[in-house]
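The structure under discussion is supplied below as structure tokens; questions concerning it will follow.
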2 protein chains.
Amino acid sequence: MTTGYAGTVMSKGRTTDKQTEADEAYAVMRQSILGGGLMPGERLVETELAERLGLGRNAVRTSLARLEQDGLVERSPFRGARVRIISEAEAAEILEARSVLEGLAARHAAEYMTPEQVQELRGLLGQMEQQHQAGDLLATSELNSVLHRRIVELAALPMVAKLIDGLHAQNVRHQFRTVLAPGRAAQSLAEHRAIVDALATGDGELAEAAMRHHLAHVLRTLRSLQKNTTRS
Amino acid sequence: MTTGYAGTVMSKGRTTDKQTEADEAYAVMRQSILGGGLMPGERLVETELAERLGLGRNAVRTSLARLEQDGLVERSPFRGARVRIISEAEAAEILEARSVLEGLAARHAAEYMTPEQVQELRGLLGQMEQQHQAGDLLATSELNSVLHRRIVELAALPMVAKLIDGLHAQNVRHQFRTVLAPGRAAQSLAEHRAIVDALATGDGELAEAAMRHHLAHVLRTLRSLQKNTTRS
DNA sequence: GTTCACCAGATTGTTGACAATCTGGTGAAG
DNA sequence: CTTCACCAGATTGTCAACAATCTGGTGAAC
């Protein structure tokens, strides 16, 4: 093995093994924030994280810089970093941004979609309906995300996809609340069906409108929940 | 004032003095990329940049990580960083994203705008018209950017503003070409007038439509230029 | 009792050296 | 002439130590 790729060297005992330490730290910490392992407002001490991840402090450090750029972490000089707290106003704003960007994605997806892909989306809809009737809100919500992601993929707009992904990452925590609103699940299902129907027609304008209609409704639900929560 | 802010310590002899080295490196390098001091595709060697900026290699290093997150720099492990080259397809996609996001901003701006602010925008339009008649395309283009930025500001949507700013940063280099297209300047002026008129009515839908119409036109111009340039 | 300066501990920012990896060129084998 | 292993130089990734800064608490002055 002369030069050979170091693909399977297995130096520190993880699975993929190939990325640099800093990249691994970034991936892990990002997933930790998204998954709830690191809570909003929590202090992120470099040495502590380095020890917990088994990586150097430097790797953690540059990760924090990258996560700050993503809007997931807040940093102030000499005072350290915390998981950024997304206010309800910001969550609403993010949802509005998602609304227009996913609308754009839907428009493009409608124009370049094959019949097979339409069937695939209908399949997802069917699964959602099943889980909805079974009363499993969590699974329904998960399929919801899958459907949205797939539509964005089909749009074949990588930069737009990246933007949407970044926005989604910032308010995973606020996402849960809307799906729990009473009566929301059924309506959401109908809206998703409308989106897929519009995509199937190949009419970009229609698909964009359907997507925006749906997300505007999610936004309204979020706003009504905020009002109810605010009165302490 | 007990502890007292260290606002005017003046340690290394620059103007603002307060940010950490890494922040300064980030700011300088970003502006360098935007301003053309660092050209697309150019290699970014850490030690060289560190020496040129008079900062530590580590500061440069974390800057590069942040700029990569911004999409301005491309990095691969052990092989270094380069200023990212934005392809024409990507430039087009960025314009589409800007179109819907600035449309959103225009909608919000229309709803919350005061008569004084409308007058301010009309003032900018007047200046644009002057420079246009004087034949100064560069000044017109600059005022163009100012107008767009101001509208985004008036929307009072900080996260959306950040997204738009990031997109704008990525294709400053492609922006110049569209303004030079023959006959484009006059039409652009008319479109901007339409946008301000729509904003003045307070009708969000109308303002959004006007903004999207304008940027769709810019996109079409860019696409036609691409065709002409591609045939080598 | 309140206010303030000040100090010790903790944490971040910076520096320099060292290890790991890539790149381009060189020379031998076929 | 082509192909390929291999090596030196350049460059990046990592580590450990040191300097700079913040934070919370303690005690004196009033």
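Numbers restart at 1 for each chain; the letters A, B, ... are given by sequence-line order, proteins then strands. These numbers come from a predicted model, not from an experiment. Scope of the values below: all heavy atoms of this structure, side chains included, with no hydrogens, waters or symmetry mates.
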Counting heavy atoms from C-beta on, name the nucleotide in D:dT12, D:dC15, C:dT11 closest to the side chain of A:V45.
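It is C:dT11.
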For B:L55 and C:dG16, give me the distance from atom CG to atom P, rounded to whole Å.
13 Å
Rounded distance (Å) that lies between atom P of C:dC22 and atom CZ of B:R43:
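Rounded to whole Å, this separation is 14 Å.
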Whom does C:dG13 pair with, Watson-Crick or G-U wobble, provided both distances fall under 3.5 Å?
D:dC18
Please pick, from D:dT14, D:dT12, D:dT23, the nucleotide with the shortest atom-to-atom distance to any side-chain atom of A:A22.
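Closest nucleotide among those given: D:dT14.
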Residues B:Q175 and B:H168: side-chain donor-acceptor under 3.5 angstrom
no
Any side-chain N or O of A:T20 under 4.0 Å from OP1/OP2 of D:dT12?
no
At under 4.0 Å, does any side-chain N or O of B:T47 touch on OP1 or OP2 of D:dA10?
no
Per the side chain to side chain donor-acceptor pair (under 3.5 Å) rule, which among B:E46, B:E48, B:E51 passes with B:R57?
B:E46
When you measure only distances, ignoring hydrogens and angles, does the side chain of A:R57 come within 3.5 Å of the base of C:dG13 through a donor and an acceptor?
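By the distance-only test, yes, there is a pair.
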Send over the distance from B:Y26 OH to C:dG13 P, rounded to a whole Å.
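The distance from OH of B:Y26 to P of C:dG13 comes to 16 Å, rounded to the nearest Å.
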By side-chain hydrogen bond (donor to acceptor under 3.5 Å, both in side chains), which residues pair with B:R150, not counting sequence neighbours?
B:E120, B:E153
No-hydrogen, no-angle side-chain donor-acceptor test under 3.5 Å, B:H108 and A:E96:
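Yes.
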With both distances under 3.5 Å as the test, what is the Watson-Crick or G-U wobble partner of D:dA8?
C:dT23
Over how many whole Å does the gap from B:D23 atom CG to D:dA20 atom C1' extend?
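For the pair B:D23 CG and D:dA20 C1', the rounded distance is 15 Å.
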Nearest to the B:E46 side chain among C:dG13, D:dG13, D:dC15, which nucleotide is it?
D:dG13
On DNA chain D, check which nucleotide each of B:L44 and A:F78 is closest to and give me the residue with the more 5' one.
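Result of the comparison: B:L44.
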A:E51 atom CD is separated from C:dA10 atom P, nearest whole Å, by 14 Å
Given the side-chain rings of B:H148 and B:H192, with only the six-membered ring counted for Trp, is the space between their centroids under 6.0 Å?
yes
So, with a heavy-atom separation below 4.0 Å from DNA chain D, the residues of residues 58-66 of chain A are A:N58
Given atom CZ of B:R75 and atom P of C:dC22, what is their separation to the nearest angstrom?
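Distance, rounded to whole Å: 15 Å.
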If we ignore hydrogens and angles and just use 3.5 Å, is the side chain of B:T221 paired with the main-chain N or O of B:H217 as donor and acceptor?
yes
Please list all pairs passing the side-chain hydrogen bond (donor to acceptor under 3.5 Å, both in side chains) test where one or both residues lie in residues 26-35 of chain B, with sequence neighbours left out.
A:Q69-B:Y26, B:Y26-B:D70, B:R30-B:D165
